[in-house]
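Written below as structure tokens is the structure these notes are about.
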Amino acid sequence: MDYSSNVDGLSTEIAIKGRFTFQDHARFRALVGQVLGQDTKTIVIDLAEAEFIDSAGLGMLLLVREEARKAERELVLRRPRGQVERMFSISCFNTLFKIEQ
Amino acid sequence: MLDFAQQPARFLTRGVTPEIEAAFLRRNRAAADAAGLRTVLTGPLDDDELVRTLEMAADACIELPAEGDVPNEDMLSTLAPCSLYVSLTTASCYRLACAHAITAALAARAGLESQAVETTETVLQEAILNAVVHGNFEIRGIDRNSASGWVQLEQAIAERMASERYGLRRVRILASWSACQISLRVCDEGEGFRAVSTGLPAGAAGSGRGLVIMRQLTASLTHSAGGRCVEMTVRR
């Protein structure tokens, strides 16, 4: 997994690129800690360039959801594509997240 | 790159000591010869070496340790034509993008369409993840709904990776193909398990989705060897 993050006013955006799998959990957890430390109201995770996600990647998104809820931040998942969109559908993520195209 | 196309040998080796190679052949040569296999024996792998090894058009790719005991590869004698067998240490399975590399090799050999490639890689990734974490590392019961649960999981994995007992256990992947389907078998060396749940985990639970995803995407899924092996078929 590669990522970039950008703070834009009241929103922090994380763009995930490549494969987002079990091997990435330590780095992703550290990234989320960093983002939650910033004083923005909304966290956007952009998945347009995420090529592949596994069940552990889905679990990590659920962890962000829980941490964002505790910190009273809004969480948005943006532009899932291909295999990632298919995994969201299987896991009924549309009932758990705000997903934007 | 040295390949079976240039070399009529049954066995090629990459980064394996002569002693380890000899020990492996003493134990497994009869099974491999009986099945008429082309086998690559390789030393400890990284992502690039795994890809290069799988590009060698072998029927079987077996990662061997730098020293110590060599594995007993009984499954070699059961390989049919149009098959690929990969045997890796748990540590390599955890570190490397195995599902991606194996699926790419399958796609090249079997001429898979993009949807079948995506499905195969997805279910193979879940099966390998289960074989590593719950099978060979025997990690169960950690609540992954909190950051502290993930830290606990990371610590448990680091301990298992450093342990000879857990880290040197193997994950074995057998893939075969026909005109209409891909068959996958993934086996670990853990204590086994009994699959009971068939639905999605409740609400936003952070774990328990892997088996559900595998069931959703495969035409069939069964467990054998007391839960140490999972067999799946994917339609092409």
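Throughout, protein chains are lettered first and strands after them, A, B, ... in sequence-line order, and every chain is numbered starting at 1.
When side chains are defined from C-beta on, B:Leu153 counts as touching A:Phe22, because their heavy atoms get closer than 4.5 Å. Between A:Arg29 and B:Glu154 there is a side-chain heavy-atom pair separated by less than 4.5 Å. A:Phe52 has its side chain out of reach of B:His100: every pair of non-hydrogen atoms, C-beta onward, lies at least 4.5 Å apart.
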Subject >> side-chain contact (heavy atoms from CB on, under 4.5 Å) between A:Arg86 and B:Thr119, worked out >> reply: CA-CA 10 Å; A:Arg86 197 171 171 205; B:Thr119 303; 3.0 Å; yes

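Taking non-hydrogen atoms and a 4.5 Å limit, the residue list of residues 2-20 of chain A in contact with chain B, ordered by number, reads A:Arg19.
Contact annotation for B:Val132: neither backbone nor side-chain heavy atoms come within less than 4.5 Å of a heavy atom of chain A. Heavy atoms of A:Gln83 lying under 4.5 Å from chain B belong to its backbone as well as its side chain. If you measure heavy-atom distances from B:Leu96 to chain A, the contacts under 4.5 Å come from the backbone alone. Using a 4.5 Å cut-off between heavy atoms, A:Phe97 makes no contact with chain B at all.
The backbone N or O of B:Tyr94 lies less than 3.5 Å from a partner atom in the side chain of A:Gln23, making a donor-acceptor pair.
A:Arg27 CZ: more than 12 foreign heavy atoms inside a 6.0 Å radius. When the shell of 6.0 Å around CD of B:Glu67 is examined, it contains 12 or fewer heavy atoms from other residues, nucleotides or ligands. Annotation: A:Lys41, atom NZ; neighbour count of heavy atoms from other residues, nucleotides and ligands within 6.0 Å does not exceed 12.
Put simply, CE on A:Met87 and OG1 on B:Thr122 are 5.5 Å apart, with the number rounded to the nearest 0.5 Å. For the atom pair A:Asp54 CG and B:Ile213 CD1, the distance stands at 8.0 Å (nearest 0.5 Å). To the nearest 0.5 angstrom, A:Ile90 atom CD1 is 12.0 Å from B:Met214 atom CE.
Between A:His25 and B:Trp150, the ring-plane angle classifies as tilted under the 30° and 60° cut-offs.
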